[in-house]
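Below is one structure, written out as structure tokens; comments come after it.
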Protein chains: 2
Amino acid sequence: MAKSGSAAGMRRTDDVPPSGTRKLLVDAAIETLKQKGFGGASARAIAEAAGSNQALIFYHFGSVTNLLLAALDAVSADRLSQYSEALESVGSVGDLVDAATGIFESDLDAGYITVLAEMIAGASSSPGLGAEVAARIGPWRSFAQDAIERSLGGSFLSQALPAPDVAYAVVALYLGLEMLSHLDGDRGPAIDLFAHAKHLAPLFDAMSGAPSREEGR
Amino acid sequence: MAKSGSAAGMRRTDDVPPSGTRKLLVDAAIETLKQKGFGGASARAIAEAAGSNQALIFYHFGSVTNLLLAALDAVSADRLSQYSEALESVGSVGDLVDAATGIFESDLDAGYITVLAEMIAGASSSPGLGAEVAARIGPWRSFAQDAIERSLGGSFLSQALPAPDVAYAVVALYLGLEMLSHLDGDRGPAIDLFAHAKHLAPLFDAMSGAPSREEGR
DNA sequence: GTCTATACTTGGATAGAC
DNA sequence: GTCTATCCAAGTATAGAC
């Protein structure tokens with residue numbers, strides 16, 4: 001599936017800069033998804049955000065849905081590389097929580113997870129979209145799993161809490177927090193949670209024998 | 001806001017059985033929300049599910065959005081009373097996890113949380129809907145908070161993890177798990193998480209001094 | 001209260017000029 | 001590759017008969 005297209009309007013969603021217009025449309029799609037949600041991300045709305053016209057969407061992507069998926073691809077790639085960078089120097093659980101806090105806040109500011117959440121929820125509306133979206137979430141789970149294994153792998157907790165399962169929960173929690181925060185426009189409760197996690201981090205570090213640097217900020 | 005209506009088509013969403021048709025439409029709205037998502041929950045689709053016609057929706061509820069909110073009200077009331085019943089006999093964390101597991105599975109089967117998730121995500125599409133949905137989530141948070149305070153209130157963890165914040169996280173996680181499970185049609189990972197929680201429950205019970213009955217199933 | 005018919009709007013998608 | 005114009009399907013909402 002998702003075969004690399006031959007005909008116009010069915011080009012692959014994963015090659016980089018074929019025309020500049022593609023990127024323009026993808027960016028506009030992301031913006032529209034963030035501001036108006038899946039339901040508001042119509043060809044007309046996206047075209048307006050891109051400062052062009054809707055015909056281009058069908059010429060370049062074949063359908064609105066395909067453009068939306070390309071937008072999800074772009075966000076996914078962008079975020080995962082950002083995450084990798086942020087987690088490079090993470091050794092302890094405390095470090096992990098720090099990194100995760102920063103990531104969460106910037107994701108929330110930029111509205112990236114909104115795009116993810118809207119696509120997941122919107123997938124219910126059109127048949128077949130679900131599988132495409134699910135495939136694009138896989139990397140997020142793998143990434144979370146890596147991070148967890150690196151900082152908790154040694155702990156006895158990894159017996160009771162296998163990394164893949166925890167990764168699943170982390171992605172779910174991340175998604176849910178973003179939805180709730182976005183819903184009532186208040187990120188306070190979510191931020192508080194990260195603060196609590198930060199306080200508990202030394203406990204986990206002690207369990208796994210990792211160095212537990214400074215605690216209070 | 002949400003004033004009790006006087007004119008036809010603006011009746012209150014919280015009175016019980018004025019016509020039978022109202023309930024029919026609300027049930028159809030729930031069903032449609034579950035099967036086709038927010039985007040697919042059009043007046044036409046709902047009317048068809050109800051075996052009637054769309055004009056009735058506007059007569060009884062004034063707009064599709066109002067009907068959808070009434071559907072959310074119905075689900076919310078139904079679930080919260082169900083939860084109350086399930087948690088009546090909960091004393092220990094182990095009990096709590098057992099109850100939560102059962103609740104989660106039946107919610108997933110019945111698709112109730114789908115309704116919630118779709119409404120939250122769909123709220124981005126139409127202005128003003130967000131606040132209405134947020135108001136209807138409040139009770140879920142309060143409920144979770146109560147349950148947490150009852151079974152963890154004594155533990156030293158309640159210092160590091162205040163019940164309101166944990167409740168927020170629980171609702172977010174619940175929401176995220178349902179979205180992911182629904183997305184790839186596999187509840188396995190979510191169920192596994194509950195199993196892990198069950199294994200860890202005695203630990204928490206020990207902390208708060210509650211009796212920790214049997215552990216293995 | 002319920003139905004049919006219809007006005008009006010928006011959205012996906014294509015044709016064809018440039 | 002990009003634009004305008006347009007077709008068609010689907011949606012919200014209302015009018016008016018029953």
Side-chain angles (χ1 to χ4, degrees), chain A residues 5-12 15-29 32-33 35-71 118 122 124-129, chain B residues 5-12 15-29 32-33 35-71 118 122 124-129:
Chain A
S6 47
M10 282 303 280
R11 308 179 60 156
R12 318 209 313 283
D15 52 358
V16 201
S19 92
T21 297
R22 280 179 69 87
K23 174 165 169 44
L24 202 70
L25 288 174
V26 167
D27 288 344
T32 309
L33 231 22
Q35 286 174 6
K36 308 191 177 181
F38 185 87
S42 68
R44 287 176 157 87
I46 295 171
E48 189 187 9
S52 73
N53 63 86
Q54 37 149 356
L56 282 179
I57 290 172
F58 299 95
Y59 176 77
H60 284 287
F61 297 91
S63 72
V64 176
T65 301
N66 280 341
L67 169 55
L68 261 25
L69 284 172
E118 287 293 328
S124 306
S125 306
S126 66
L129 185 51
Chain B
S6 46
M10 282 303 281
R11 308 181 58 157
R12 316 209 314 283
D15 53 356
V16 202
S19 92
T21 298
R22 280 179 68 88
K23 174 165 167 46
L24 202 70
L25 288 174
V26 166
D27 288 345
T32 309
L33 232 21
Q35 286 174 6
K36 309 191 176 180
F38 185 86
S42 69
R44 285 179 155 87
I46 296 171
E48 188 187 10
S52 74
N53 62 87
Q54 35 149 356
L56 282 179
I57 290 172
F58 299 96
Y59 175 78
H60 285 286
F61 297 91
S63 72
V64 177
T65 300
N66 280 342
L67 169 54
L68 260 26
L69 285 172
E118 288 293 328
S124 306
S125 306
S126 67
L129 185 51

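Naming convention: chains lettered A, B, ... in sequence-line order (proteins, then strands); numbering from 1 in each chain. In this text the structure is predicted, and so the values were computed from the model without any measurement.
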Rounding to a whole Å, what distance do you find between [X]:[atom1] and [N]:[atom2]?
{"X": "B:H60", "N": "D:dT14", "atom1": "NE2", "atom2": "C1'", "value": "16 Å"}
{"X": "A:L25", "N": "C:dA13", "atom1": "CG", "atom2": "C1'", "value": "15 Å"}
{"X": "B:F58", "N": "C:dA5", "atom1": "CZ", "atom2": "P", "value": "18 Å"}
{"X": "A:F61", "N": "D:dT2", "atom1": "CZ", "atom2": "P", "value": "11 Å"}
{"X": "B:I57", "N": "C:dT2", "atom1": "CD1", "atom2": "P", "value": "12 Å"}
{"X": "A:Y59", "N": "C:dA17", "atom1": "OH", "atom2": "C1'", "value": "15 Å"}
{"X": "A:L67", "N": "C:dG11", "atom1": "CG", "atom2": "P", "value": "15 Å"}

Subject >> Non-hydrogen atoms of B:H60 and B:R22 that approach each other most closely >> reply: O-NH1, 3.2 Å
Original post:
Looking at A:A29 and A:L68, what are the two nearest heavy atoms and their distance?
Top reply: CB-CD1, 4.4 Å
Original post:
Is the backbone N or O of A:F38 less than 3.5 Å from a side-chain atom of A:E118, with the two atoms forming a donor-acceptor pair by type?
Top reply: yes
**OP:** Start with the C-alpha distance between B:L69 and B:F61, add both sets of side-chain angles, then the distance that settles side-chain contact (heavy atoms from CB on, under 4.5 Å), and finish with yes or no.
**Re:** CA-CA 10 Å; B:L69 285 172; B:F61 297 91; over 6 Å; no
Subject >> Those residues that, when tested against A:N53, pass side-chain hydrogen bond (donor to acceptor under 3.5 Å, both in side chains) (two or more places apart) >> reply: none
Original post:
What residues, two or more places apart in sequence or in another chain, satisfy side-chain hydrogen bond (donor to acceptor under 3.5 Å, both in side chains) together with B:Q35?
Top reply: B:E31
Hey, what are the protein-to-nucleotides 8-11 of chain D N/O distances that come in under 3.5 Å?
{"from": "D:dG11", "atom 1": "OP1", "to": "B:S42", "atom 2": "OG", "distance (Å)": "3.3"}
{"from": "D:dG11", "atom 1": "N7", "to": "B:R44", "atom 2": "NH1", "distance (Å)": "2.6"}

Pairs under 3.5 Å (N/O, protein and nucleotides 3-5 of chain D):
{"from": "D:dC3", "atom 1": "OP2", "to": "A:N53", "atom 2": "ND2", "distance (Å)": "2.8"}
{"from": "D:dC3", "atom 1": "O5'", "to": "A:N53", "atom 2": "ND2", "distance (Å)": "3.1"}

Original post:
What pairs with A:S126 under side chain to side chain contact (heavy atoms under 4.5 Å, CB included), at least two apart in sequence or on another chain?
Top reply: A:L129
Original post:
Can you name the residues that form a side chain to side chain contact (heavy atoms under 4.5 Å, CB included) with A:T32, not counting sequence neighbours?
Top reply: A:K36, A:A41, A:A45, A:I46, A:A49
